[in-house]
Student: 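Dropping a structure here in structure tokens format, bear with me for questions.
When reading the values below, keep in mind they use all heavy atoms of this one structure, side chains included, and skip hydrogens, waters and symmetry mates. In this text the structure is predicted, and so the values were computed from the model without any measurement.
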Amino acid sequence: MIDIHSHILPGIDDGPPDFVRSLAMAKQAANAGITHLFATPHHMNGRYENLKGNIMKYVQDFNAQLEQENIPLLVHPGQELRVNRELFISLEMEEVMTLDNKGQYLLLELPSGEVPNYTQEVVYELLLKGITPIIVHPERNKGFLEDNNLLVDLVLEGALTQVTAGSIIGHFGKKVKTFAERIIEHHLTHFIATDAHNITTRGFQLIGAYEAITKGFGIDHTFYFQENAELLLLGQYPQKEQPIPIRKKFLGIF
């Protein structure tokens, strides 16, 4: 399996504080059937700055350690970039790390409490530059919860999205779980990833999430998400289905 979103590198964000715990995460990922993993540390979120050049070096060094420890996991470079008006300056300065440094896909994080009013403009400008933003964990965003059309509009514009595995199996509460299911049902997401931070509360739960998706939506949905992760790894464009707007009556369940 392929995990496109994780915080496995030691001591650079809110992931593991040291190499010992990073190594424990790598072992857990490999034991969970993950063979390829994107390390996507936070960047420009008001707390952490992780520049492209540094990430490349961290990943290279970490892969060398994994090989030495005989852990069957290959880590790929990435970044979780917070949406902001200055991100294009960081992009021009070669500080932004697209997934695998291919210039095609970028994990884009929104603040959990809102959808900034310039988000659609940022998505549009990134697409013009040939970079497809993947909006991470939209199911945990208060703005999308309150107005589902904000998410629909971004997907229709060309953004992709990634739902967190833990959300699907209820680790973030019933409201988030229900919204994650609605997002899947209405073709508003394209990837499932762990967003792993540690081996306890935020571990590698892809298998559990895929099992829940198979049970709730059928095996074809699971294959869809797994194949999209494979296509992304190969630098190809993922499959997309026409999004279905979420009716307001569903909001009553919250």
Student: Measure the shortest side-chain to side-chain distance between Ile135 and Leu160 over non-hydrogen atoms and say whether it is less than 4.5 angstrom.
Tutor: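 Ile135 vs Leu160: side chains apart.
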Student: Please say whether more than 12 non-hydrogen atoms of neighbouring residues, nucleotides or ligands are located less than 6.0 Å from CZ in Phe223.
Tutor: no
Student: So which of Leu188, Ile183, Thr189 actually passes side-chain contact (heavy atoms from CB on, under 4.5 Å) with His186?
Tutor: Leu188
Student: Does the Tyr48 side chain pair with the main chain of Pro41, one donor and one acceptor, at a distance under 3.5 Å?
Tutor: no
Student: Hydrophobic cluster mates of Val20, side-chain heavy atoms under 4.5 angstrom, ILVMFWY only, any path?
Tutor: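 Answer for Val20: none, a lone residue.
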Student: Excluding sequence neighbours, so at least two apart, what forms side-chain hydrogen bond (donor to acceptor under 3.5 Å, both in side chains) with Thr194?
Tutor: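 side-chain hydrogen bond (donor to acceptor under 3.5 Å, both in side chains) check on Thr194 returns Asp3.
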Student: With the side chain counted from C-beta on, respond yes when Pro245 and Asn148 share a heavy-atom pair under 4.5 Å apart, and no when they do not.
Tutor: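 No. Closest side-chain heavy atoms not under 4.5 Å.
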Student: Any side-chain heavy atom of Pro116 within less than 4.5 Å of one from Pro111?
Tutor: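 Side chain of Pro116 against side chain of Pro111, heavy atoms only: contact under 4.5 Å found.
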Student: Can you give me the closest heavy-atom contact between Leu99 and Ile134, atom names plus distance?
Tutor: CD1-CD1, 4.2 Å
Student: Determine the sole option in Glu80, Glu109, Glu86 for which the side-chain contact (heavy atoms from CB on, under 4.5 Å) test with Met44 is passed.
Tutor: Glu86
Student: Donor-acceptor pair, distance only, cut-off 3.5 Å: does the side chain of Gln104 make one with the backbone of Gly235?
Tutor: yes
Student: Is the backbone of Lys102 close enough, under 3.5 Å, to the side chain of Asp100 for a donor and an acceptor to pair up by distance?
Tutor: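 No.
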Student: For the atom pair CD1 (Ile2) and OG1 (Thr35), what is the distance rounded to the nearest 0.5 Å?
Tutor: 6.0 Å
Student: Check the side chains of Arg140 and Thr164 for a donor-acceptor pair under 3.5 angstrom, ignoring hydrogens and angles.
Tutor: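 Short answer, yes.
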Student: So if you build clusters from Ile, Leu, Val, Met, Phe, Trp, Tyr with side-chain heavy-atom gaps below 4.5 Å, do Met1 and Leu74 land together?
Tutor: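 Different clusters: Met1 never reaches Leu74 through Ile, Leu, Val, Met, Phe, Trp or Tyr contacts under 4.5 Å.
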Student: Under 3.5 Å, which donor-acceptor pairs link side chains of residues 50-57 to any protein atom two or more places apart or in another chain?
Tutor:
residue, atom, partner, partner atom, Å
Asn50, ND2, Ile12, O, 3.2
Asn50, ND2, His42, O, 2.8
Lys52, NZ, Glu94, OE1, 3.1
Lys52, NZ, Asn101, OD1, 3.0
Lys57, NZ, Asp61, OD2, 2.8

Student: Quick one: do Val136 and Phe144 end up in the same hydrophobic cluster if we chain Ile, Leu, Val, Met, Phe, Trp and Tyr together by side-chain heavy atoms under 4.5 Å apart?
Tutor: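 Result: no, two separate clusters.
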Student: Check side-chain hydrogen bond (donor to acceptor under 3.5 Å, both in side chains) between Gln65 and all other residues, then give those that pass, not counting sequence neighbours.
Tutor: none
Student: If a pair satisfies salt bridge (charged side-chain N to carboxylate O under 4.0 Å, His left out) and one of its residues is in residues 17-44, list it, with sequence neighbours excluded.
Tutor: Asp18-Arg21
Student: Just verifying a value: how many Å separate Phe204 CZ and Ser6 OG, rounded to the nearest 0.5 Å?
Tutor: 5.0 Å
Student: Checking side-chain contact (heavy atoms from CB on, under 4.5 Å) between Leu154 and each of Thr119, Thr161, Leu108, which is the one that passes?
Tutor: Thr119
Student: Hey, mind stepping through Gln162 and His5 against side chain to side chain donor-acceptor pair (under 3.5 Å) and telling me if it holds?
Tutor: CA-CA 9 Å; Gln162 169 258 302; His5 184 178; 2.8 Å; yes
Student: So among Phe38, Tyr105, Tyr58, which one has a ring-ring contact (aromatic ring centres under 6.0 Å, His included) with His76?
Tutor: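 Considering Phe38, Tyr105, Tyr58, a ring-ring contact (aromatic ring centres under 6.0 Å, His included) with His76 is found only for Phe38.
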Student: Could you tell me if the side chain of Leu232 sits less than 4.5 Å from the side chain of Tyr237, heavy atoms only?
Tutor: no
Student: Mark yes or no for whether His221, through its side chain, and Phe217, through its backbone, hold a donor-acceptor pair below 3.5 Å.
Tutor: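 Checked: pair present.
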Student: Say whether, by atom type as modelled, one donor and one acceptor occur between the side chain of Asn228 and the main chain of His190 under 3.5 angstrom.
Tutor: yes
Student: With sequence neighbours left out, which residue pairs that include part of residues 207-217 fulfil the side-chain hydrogen bond (donor to acceptor under 3.5 Å, both in side chains) condition?
Tutor: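 For residues 207-217, and leaving out neighbouring residues, the side-chain hydrogen bond (donor to acceptor under 3.5 Å, both in side chains) pairs sorted by first residue read Thr214-Thr222.
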Student: Do Gln239 and Tyr224 have side chains that approach each other closer than 4.5 Å (heavy atoms only, starting at C-beta)?
Tutor: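 They are in side-chain contact.
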Student: Linking I/L/V/M/F/W/Y whenever their side-chain heavy atoms sit closer than 4.5 Å, directly or via other members, would Leu156 and Ile184 fall into one cluster?
Tutor: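 Both belong to a single hydrophobic cluster.
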Student: Looking only at heavy atoms, what is the nearest atom pair of Ala26 and Ile71, with distance?
Tutor: O-CG2, 3.9 Å
Student: For Glu139, enumerate each residue passing the salt bridge (Lys or Arg N to Asp or Glu O under 4.0 Å) test, keeping only those at least two apart in sequence or located in another chain.
Tutor: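 Once residues adjacent in sequence are excluded, Glu139 has no partner under the salt bridge (Lys or Arg N to Asp or Glu O under 4.0 Å) criterion.
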Student: Decide if atom CZ of Phe19 counts as having more than 12 heavy atoms of other residues, nucleotides or ligands within a radius under 6.0 Å.
Tutor: yes
Student: How about Glu69: does its CD atom have over 12 heavy atoms from other parts shown lying under 6.0 Å from it?
Tutor: yes
Student: Please, which pairs that meet salt bridge (charged side-chain N to carboxylate O under 4.0 Å, His left out) have at least one residue in residues 197-206, sequence neighbours excluded?
Tutor: Asp195-Arg202
Student: Once rounded to the nearest 0.5 Å, what's the spacing between atom CG of Asn141 and atom CG of Leu151?
Tutor: 9.0 Å
Student: Would you sort out whether Ser90 and His43 count as a side chain to side chain donor-acceptor pair (under 3.5 Å), showing the intermediate values?
Tutor: CA-CA 10 Å; Ser90 191; His43 181 53; 3.2 Å; yes
Student: Got a second to check how far Asp147's CG is from Glu114's CD, nearest 0.5 Å?
Tutor: 13.5 Å
Student: Measure the CG-OH distance between Leu87 and Tyr118 for me, rounded to the nearest 0.5 Å.
Tutor: 8.5 Å
Student: Out of curiosity, Gln205 CD to Ile192 CD1, how far, rounded to the nearest 0.5 Å?
Tutor: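 One finds 12.5 Å between CD of Gln205 and CD1 of Ile192.
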Student: Please, which pairs that meet salt bridge (charged side-chain N to carboxylate O under 4.0 Å, His left out) have at least one residue in residues 118-134, sequence neighbours excluded?
Tutor: Glu92-Lys129
Student: Does any part of the side chain of Leu106, heavy atoms only, come nearer than 4.5 Å to the side chain of Thr132, both counted from C-beta?
Tutor: no
Student: In the structure I gave you, are the side-chain heavy atoms of Ile8 and Phe62 within less than 4.5 Å of one another anywhere?
Tutor: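 With C-beta onward as the side chain, the pair touches.
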Student: Grouping I, L, V, M, F, W and Y whenever their side-chain heavy atoms are under 4.5 Å apart, do Val155 and Leu107 come out in a common cluster?
Tutor: no
Student: Between the side chain of Thr178 and the main-chain N/O of Lys174, is any donor-acceptor distance below 3.5 Å?
Tutor: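 Yes: the side chain of Thr178 pairs with the backbone of Lys174.
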Student: Grouping I, L, V, M, F, W and Y whenever their side-chain heavy atoms are under 4.5 Å apart, do Ile131 and Tyr124 come out in a common cluster?
Tutor: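 No, separate clusters.
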Student: Is the number of heavy atoms from other residues, nucleotides or ligands under 6.0 Å of Lys142 NZ greater than 12?
Tutor: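 It does not: Lys142 NZ has 12 such atoms or fewer within range.
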Student: Is a donor on one side and an acceptor on the other found under 3.5 Å between the side chain of Asn149 and the backbone of Val152?
Tutor: no
Student: My understanding is that only residues two or more places apart in sequence, or in another chain, count here; which of them pass side chain to side chain contact (heavy atoms under 4.5 Å, CB included) with Gln236?
Tutor: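 Here the qualifying residues are Leu231, Leu234.
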Student: Does Thr40 reach the main-chain N or O of Gln79 with its side chain, forming a donor-acceptor pair under 3.5 Å?
Tutor: no
Student: Return the set of residues passing side chain to side chain contact (heavy atoms under 4.5 Å, CB included) with Asn31 (not counting sequence neighbours), or none when no residue passes.
Tutor: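 Listed in chain order: nothing, the list is empty.
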Student: Name all pairs fulfilling the salt bridge (charged side-chain N to carboxylate O under 4.0 Å, His left out) condition that reach into residues 222-239, sequence neighbours left out, sorted by first residue then second.
Tutor: none
